[in-house]
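One structure is given below, encoded as C-alpha cells.
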Amino acid sequence: MLNRILVPTDFSDNGANALKYAQNLAKKFGAEIHLLHVIANDTAVAMGSDGFFAVSDEIMQDLHNAVTNKLQETAESVAGSVKNVVQEIREGAPFSEIIQYAKAKDIDLIVMGTHGRTGISHLLIGSVAEKVVRKARCPVLTVPSDGHEFTMP
C-alpha cells in the first residue's frame, strides 16, 4: 500500500519526469506526494577570483525564497490530481537529507530522477540517486533521464 510518496527534486527535467511517475502512482493509490528540495551545504561557499568565500546571508535568503517559490509552483502543478502535496526544504548533504526525511515521515516509496552521469563525472561527483538506493529503508524508483514516459494502462 502506498500512502506517502517522496519526490526529491532539483527542478530539472529529470526531476519533472520523476514527478510524473509519482503523480500517476499517487492517483492510482490515493497517496500523498512529498516534494523535497535539498539545498546542498556546499552551496554556502562559492569560488571567486581570490579563492573560496562564504556566500552572504542575504544571498542564501534569496536562494531560499527562489526555492520556496519554485517548490510552490511544482506543488500547484500536481495538487488538483492527488490527495495532498507536502513541501519541504532542507539544507545539507542531499542523499542524507532525503534518507532522513523518508524515515521521519514514514515514506512508502521514493521516486527520483537520475542524471545519467558516467565515467569520471560519476566517480568525482557520485550519484545522489545511487546513495539513496543503497541506504534508504523503503523502495526507491529511479527514473532515468532518457527513459520513456509513464503511461497508465
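Below, each value reflects all heavy atoms present in this structure, side chains not excepted, and no hydrogens, waters or symmetry copies.
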What are the two closest heavy atoms between [X] and [Y], and how far apart are they?
X	Y	result
Lys83	Ala31	CB-O, 3.7 Å
Val38	Pro94	CG1-CA, 3.7 Å
Leu63	Ile39	CD2-CG2, 3.8 Å
Val143	Ala18	CG2-CA, 4.0 Å

Task: Residues which pass ring-ring contact (aromatic ring centres under 6.0 Å, His included) with Phe95, listed by chain and number, not counting sequence neighbours - done: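 Per chain and number, Phe95 pairs via ring-ring contact (aromatic ring centres under 6.0 Å, His included) with no residue.
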TODO: List in chain and number order the residues that pass salt bridge (Lys or Arg N to Asp or Glu O under 4.0 Å) with Glu91, two or more places apart in sequence or in another chain; answer none if no residue qualifies.
DONE: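 Per chain and number, Glu91 pairs via salt bridge (Lys or Arg N to Asp or Glu O under 4.0 Å) with no residue.
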Open item on the list: For Arg4, give me all partners under salt bridge (Lys or Arg N to Asp or Glu O under 4.0 Å), at least two apart in sequence or on another chain.
Closed with: Asp106
- [ ] Going by the side chain to side chain contact (heavy atoms under 4.5 Å, CB included) test, name the single residue among Ile5, Ile110, Leu109 that passes it with Cys138.
- [x]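 Single pass found, and it is Ile110.
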Task: From Thr68 atom OG1 to Gln61 atom CD, the distance as rounded to the nearest 0.5 Å - done: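 Spacing of OG1 (Thr68) from CD (Gln61) equals 8.0 Å.
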TODO: I would like to know whether Leu6 and Val111 meet side-chain contact (heavy atoms from CB on, under 4.5 Å); could you show each step before the answer?
DONE: CA-CA 6 Å; Leu6 173 59; Val111 180; over 6 Å; no
Open item on the list: Are there over 12 heavy-atom neighbours, none belonging to Glu58, within less than 6.0 Å of that residue's CD?
Closed with: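 No, because the 6.0 Å sphere around CD of Glu58 holds 12 heavy atoms or fewer from other groups.
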Open item on the list: Can you confirm whether more than 12 heavy atoms, excluding those of Arg137, are under 6.0 Å from its CZ atom?
Closed with: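 Result for CZ/Arg137: open.
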Task: Glu88 and Arg90: CA distance, side-chain angles, deciding distance, side-chain contact (heavy atoms from CB on, under 4.5 Å) verdict - done: CA-CA 7 Å; Glu88 178 94 16; Arg90 292 192 171 190; 3.5 Å; yes
Task: With Ala129 via side-chain contact (heavy atoms from CB on, under 4.5 Å) - residues at least two apart - done: Met112, Thr114, Ser127, Thr142
Task: Donor-acceptor contact present, side-chain His37 to main-chain Thr9, <3.5 Å - done: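 Looks like yes, one N/O pair under 3.5 Å.
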TODO: Measure from the side-chain N and O atoms of Asn17 to the backbone N and O of Asp13, and report whether any donor-acceptor pair falls under 3.5 Å.
DONE: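 No, the answer is negative, given that no donor and acceptor are paired below the 3.5 Å cut-off.
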- [ ] Only pairs at least two apart or in different chains count here, so list each ring pair (Phe, Tyr, Trp, His ring centres under 6.0 Å) that has a residue in residues 56-91.
- [x]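 Checked against ring pair (Phe, Tyr, Trp, His ring centres under 6.0 Å) - neighbours excluded - no pair reaches residues 56-91.
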TODO: Could you check if a side-chain atom of Val67 sits within less than 4.5 angstrom of a side-chain atom of Phe11, using non-hydrogen atoms only?
DONE: yes
Open item on the list: Are the side chains of Val78 and Val85 in contact, using a 4.5 Å heavy-atom criterion?
Closed with: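 Yes. Closest side-chain heavy atoms under 4.5 Å.
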Task: Test item: side-chain donor near acceptor, Asn69 and Glu73, under 3.5 Å - done: no
Open item on the list: Tell me every residue that passes side-chain hydrogen bond (donor to acceptor under 3.5 Å, both in side chains) with Asn84, counting only those two or more places apart in sequence or in another chain.
Closed with: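 side-chain hydrogen bond (donor to acceptor under 3.5 Å, both in side chains) list for Asn84, sorted by chain: Glu32.
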Open item on the list: Run His34 and Ile107 through side-chain contact (heavy atoms from CB on, under 4.5 Å) and show every step you take.
Closed with: CA-CA 9 Å; His34 290 243; Ile107 296 296; 3.8 Å; yes
- [ ] Applying side-chain contact (heavy atoms from CB on, under 4.5 Å), run through Ile89 and Leu36 and close with a yes or a no.
- [x] CA-CA 6 Å; Ile89 299 170; Leu36 173 66; over 6 Å; no
